[in-house]
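Here the structure is laid out as structure tokens; the discussion comes afterwards.
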Amino acid sequence: MFSRKQINIAVLMALAWPGAAAFAQQEEEDGSVKAPTVQVIGTPEALEGIPGSGEILDKQTLETSRVFTTSEALRKLPGINVRDEEGFGLRPNIGIRGLNPTRSTKITLLEDGVPLSYAPYGDNASYYHPPIDRYERIEVLKGAGQILYGPQTIGGVINYITPLPPATPGGSITLSGGNRDYLNGHLNYGGTWGGNGLLFDYIRKQGDGARDNIHSELNDANFKAVLGLGAQQALTLRANYYSEDSNVTYSGLTQAEFNNFGARYNPFKNDFMYTDRYGASATHELVFNDNVVLTTNLYGSIFLRDWWRQASTTTDNQCGFNAARLAGTAVDPDTCNSIQGRLREYYTWGIEPRLRVSHNLFGVSSEADLGVRAHYETQERIQMNGTSPTARSGTIAENNLRETDAYAVFAQNRFLLGDWTLTPGLRFEYIDSSRTNNLTSGTGSDTLGQWIPSLGGTYSPGKALTVFAGVHRGFAPPRTEDIIGGTGTSTDVGPELSVNWELGLRAEPMAGTNLQATLFRNDFSRQIAVGSIAGGSTPLAQGETLYQGLELSGRTGLPAGMYLRGAYTWLPTAEQTTPFTQVVSGALVSGSAAGNRLPYAPKHLLTAALGYAMGGLDMQIEGVYVGEQFSDFASTVAPTTDGQKGLINDYTIWNATLNYHFKPERTTLFLTVKNLADKTYIVDRTRGILPGSPRLIQAGIQYAF
């Protein structure tokens, strides 16, 4: 019999074979190398044929806004609710169309078309996220077309795009600093030589977070090579390394701590997180002819995370501080001879060939996208209990091995019918999971298969208008730890399933003005609410839910160099249509009831900016509004003493940015202020009260050479 590992290697070799020929040169008109990549949308013009809502956040918007974090960037797009955590944007919590943003578990994250999450099938949680400085644009797709990517198809796909090597050798250096000990240095250099492009990018960023005793230092290094040796093939190679050293706790504040000591209070100075991530990928493109192109992604990553902490939530009593914290009495973590190390290692790799074919197979001009994916994950999870405030070793309390093998096939065909397009699609996911308790030798496994159909269409009577509509199956696989219990027994946990509908339009009523409007309805026959393992809050639960609303976005030029952009989301319905019940026992979750509004689903989201650009000057002021939201299934209004439940009030923050570009010296000076009024506001109660960032003032210089 062949071993599981031998079978996996054989599958990868078979999938890789079509792309194993000699490489070839392929150049753009400007002399730079064409880089093979998988783009969710591509150019803005490509939106005309996409049967669903799609948005592109371009390089100019990111630069002129001087975005500080990915959270700030994504708030500029409709339908996206991004919840802050530590204040440095290292673990953004991204929700789409009302879905709970905790750990970004309900979306598919990609980088240049490659899976970015360390375990998108077995543990799709974002404890790692690259700095926004790495990217030049962001693509977001929420409609029926997202079934080409997966495995998460209930919310949407976010694809971060890294820069290409420039045609002419050169680069830039950016230095900035600000209050709260903020320093940021960013260097990149690259060019094209002999038909091959190279680009190196390095970021060093450090500063304080949103509370006391939170400080982060990170390094991010990226290398991209685009190789071409002929007329029909090209190869993109990527390698990156990321490290984080953060003094950061997991616990929020009790209500009394918040009242007595203020939003910035955090006594847990001994809590630290250390992470390292190594990633690499190769994207090969083979052009058989003008009508047939094969693109193959081979990717892999290693993510190592050690988080040592003395508190996980406001009700965590490992140090015996529970009563004091609930009473709002200051505590000293140095008097606690206990600390827990949550130690994680993730190994992820896979391959995904995609074939794009233009054809007339059915007597109609068509474009087909076909592909397969083989994807493998290994999780090694240890909990180590230390006996001093700063221990980095101790007794092993948990030692788990979790493995996931996933295989997918997908196909989508776009029929081109004059002004109309019709796009049916189908995806199949097969997931094989196993879990082993290395302390007791208990082991178990489970398998899951799911068909994911879609149907979309567009109508474009002219370049100025596209009407689109679509419906698709929303699917999200359960985590390995949820589908297989600690003793190896399979639990009664199924995937999240929904039917997602869209109807919308994209319009360009006049030059310089772009608008998009989308009506959406996501109807869940099963939605899974995952409780925090660290905090022991809401148990694993399931229920039927309904989300529906409207998204609006646009940008327009105004007289005298002015411009206006905005993104608005109205979510009138985010409803439990049945009460949530615990998956294992079937017991009703406390306070859950049909008709209640779902937690962390604000009814209104608005980000709007007014800017002025003339000559070398570009300045703008931006307002961000987040409506009130509940923090539990019972829609609790009055805050509880532990700070984990209660209404989160609405808030508005203002950001301002000033850029001045010197020409032809290629130097830019900039000044930006985030949270201009230094407003104090609550963003989360999952593990206790977490505040948003205070006022941040940052200034810097960028020089291109």
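Judged by distance alone, the side chains of Ser53 and Glu502 do bring a donor and an acceptor atom under 3.5 Å apart. Side-chain contact, Ser592 with Gln576: a donor N or O sits under 3.5 Å from an acceptor N or O. Side-chain contact of Asp650 with Tyr625: a donor-acceptor pair under 3.5 Å is present, judged by distance alone. Defined by atom type and a distance below 3.5 Å, a donor-acceptor pair is present between the side-chain atoms of Ser172 and Asn188. Side-chain contact of Gln255 with Thr640: a donor-acceptor pair under 3.5 Å is absent, judged by distance alone. In summary, the side chains of Tyr160 and Glu139 do not present any donor paired with an acceptor at a separation below 3.5 Å, with no hydrogens or angles considered. Arg66 and Asn659 share a side-chain donor-acceptor pair at under 3.5 Å. Checked by atom type, the side-chain pair Tyr182/Asn184 shows a donor-acceptor distance below 3.5 Å. Side-chain polar atoms of Gln340 and Tyr250 form no donor-acceptor pair below 3.5 angstrom. Looking at Asn124 and Ser117, their side chains do bring a donor and an acceptor atom within 3.5 Å of each other. Side chain to side chain, Thr569 and Glu551 fail the donor-acceptor criterion of an N or O pair below 3.5 Å. With 3.5 Å as the limit, one finds no donor-acceptor pair spanning the side chains of Thr249 and Ser251. Side chains of Asp201 and His186: a donor on one and an acceptor on the other come within 3.5 Å. A donor atom on one side chain and an acceptor atom on the other are found under 3.5 Å apart for Asn93 and Glu85. For the residue pair Glu244/Ser246, the side-chain donor-acceptor check at 3.5 Å is satisfied. When only modelled atom types and interatomic distance are considered, Tyr600 and Asp684 share a side-chain donor-acceptor pair under 3.5 Å.
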Walk me through whether Gln206 and Ser216 qualify under side-chain contact (heavy atoms from CB on, under 4.5 Å). CA-CA 5 Å; Gln206 62 187 55; Ser216 296; over 6 Å; no
Could you walk me through whether Thr162 and Asn222 satisfy the side-chain contact (heavy atoms from CB on, under 4.5 Å) test, starting with their C-alpha distance in whole Å, then the side-chain angles of each, then the deciding distance to 0.1 Å, before giving a yes or no? CA-CA 10 Å; Thr162 59; Asn222 291 272; 5.8 Å; no
Show the numbers, then the answer: is there a side-chain contact (heavy atoms from CB on, under 4.5 Å) between Leu218 and Asp245? CA-CA 6 Å; Leu218 63 91; Asp245 185 340; over 6 Å; no
side-chain hydrogen bond (donor to acceptor under 3.5 Å, both in side chains) evaluation trace for Thr61 with Asp58: CA-CA 6 Å; Thr61 302; Asp58 60 23; 2.7 Å; yes
Worked verdict on Leu571 versus Thr573 for side-chain contact (heavy atoms from CB on, under 4.5 Å): CA-CA 5 Å; Leu571 186 70; Thr573 304; over 6 Å; no
Between Asp84 and Arg75, does a salt bridge (charged side-chain N to carboxylate O under 4.0 Å, His left out) hold up when you go through it step by step? CA-CA 11 Å; Asp84 290 323; Arg75 289 190 187 102; 3.1 Å; yes
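Here the straight-line distance linking atom OG1 of Thr314 with atom CZ of Arg325 works out to 6.0 Å at 0.5 Å rounding. The line from CG of Leu90 to CD1 of Ile214 is 10.5 Å long, rounded to the nearest 0.5 Å. With values rounded to the nearest 0.5 angstrom, Ile96 atom CD1 is found 13.0 Å from Asn100 atom CG. Note: Cys336 SG to Gln318 CD = 6.0 Å, rounded to the nearest 0.5 Å. With values rounded to the nearest 0.5 angstrom, Leu253 atom CG is found 11.5 Å from Gln644 atom CD. Taken to the nearest 0.5 Å, the CD1 atom of Ile94 stands 11.5 Å off from the CZ atom of Arg83.
Distance alone, capped at 3.5 Å, is enough to place a donor-acceptor pair between the Thr64 side chain and the Gln60 backbone. Counting only distance, with no hydrogens or angles, the side chain of Ser693 and the backbone of Ala210 share no donor-acceptor pair below 3.5 Å. Formation of a donor-acceptor pair under 3.5 Å by the Ser104 side chain with backbone atoms of Pro92 is found in this model. Between the Tyr242 side chain and the Thr275 main chain, no donor and acceptor come within less than 3.5 Å of each other. Distance alone, capped at 3.5 Å, is enough to place a donor-acceptor pair between the Asn247 side chain and the Asp271 backbone. Side chain of Arg695 to backbone of Asn675: no donor-acceptor contact under 3.5 angstrom is found. Proximity of a side-chain donor or acceptor of Gln310 to a complementary backbone N or O of Asn270 within less than 3.5 Å is not detected. Formation of a donor-acceptor pair under 3.5 Å by the Glu63 side chain with backbone atoms of Lys59 is not found in this model.
Between Glu628 and Arg597, no side-chain nitrogen of the basic residue sits less than 4.0 Å from a carboxylate oxygen of the acidic one, so the salt-bridge criterion is not met. Using a 4.0 Å cut-off between a side-chain N of Lys or Arg and a carboxylate O of Asp or Glu, Glu111 and Arg134 qualify as a salt bridge. Remark: Asp334 engages Lys269 in a salt bridge, criterion side-chain N to carboxylate O under 4.0 Å.
Around NZ of Lys645, the count of heavy atoms belonging to other residues, nucleotides or ligands within 6.0 Å does not exceed 12.
Below 30°, between 30° and 60°, or above 60°: for Tyr265 and Phe261 the angle between ring planes is between 30° and 60°, a tilted geometry.
Within the 6.0 Å centre-distance limit, the rings of Phe524 and Tyr547 are counted as a close aromatic pair. Here Tyr563 and Tyr612 keep their ring centres 6.0 angstrom or further from each other.
Smallest separation of non-hydrogen atoms from Ile154 and Ala476: CD1-CB, 4.0 Å. In this structure, Ser631 and Arg685 approach most closely via the heavy-atom pair OG-CD, 3.7 Å. The minimum heavy-atom distance linking Ala541 with Val589 is given by the pair CB-CG2, 3.5 Å. Across Pro602 and Gln629, no two heavy atoms sit closer than the pair CD-OE1, 3.7 Å. Annotation for Tyr118 and Ala125: closest pair OH-O, 2.8 Å, computed over non-hydrogen atoms. Looking at every heavy atom in both residues, Ser65 comes nearest to Thr657 through O-OG1, 3.2 Å.
The salt bridge (charged side-chain N to carboxylate O under 4.0 Å, His left out) contacts involving residues 553-568 comprise Arg565-Glu622, where partners must be two or more places apart or lie in separate chains.
Taking the ring axis of Tyr127 as reference, the NZ or CZ atom of Arg305 stays within 45° of it and closer than 6.0 Å to the ring centre. With Phe520 as the aromatic partner, Arg97 meets the cation-pi criteria of under 6.0 angstrom to the ring centre and within 45 degrees of the ring axis.
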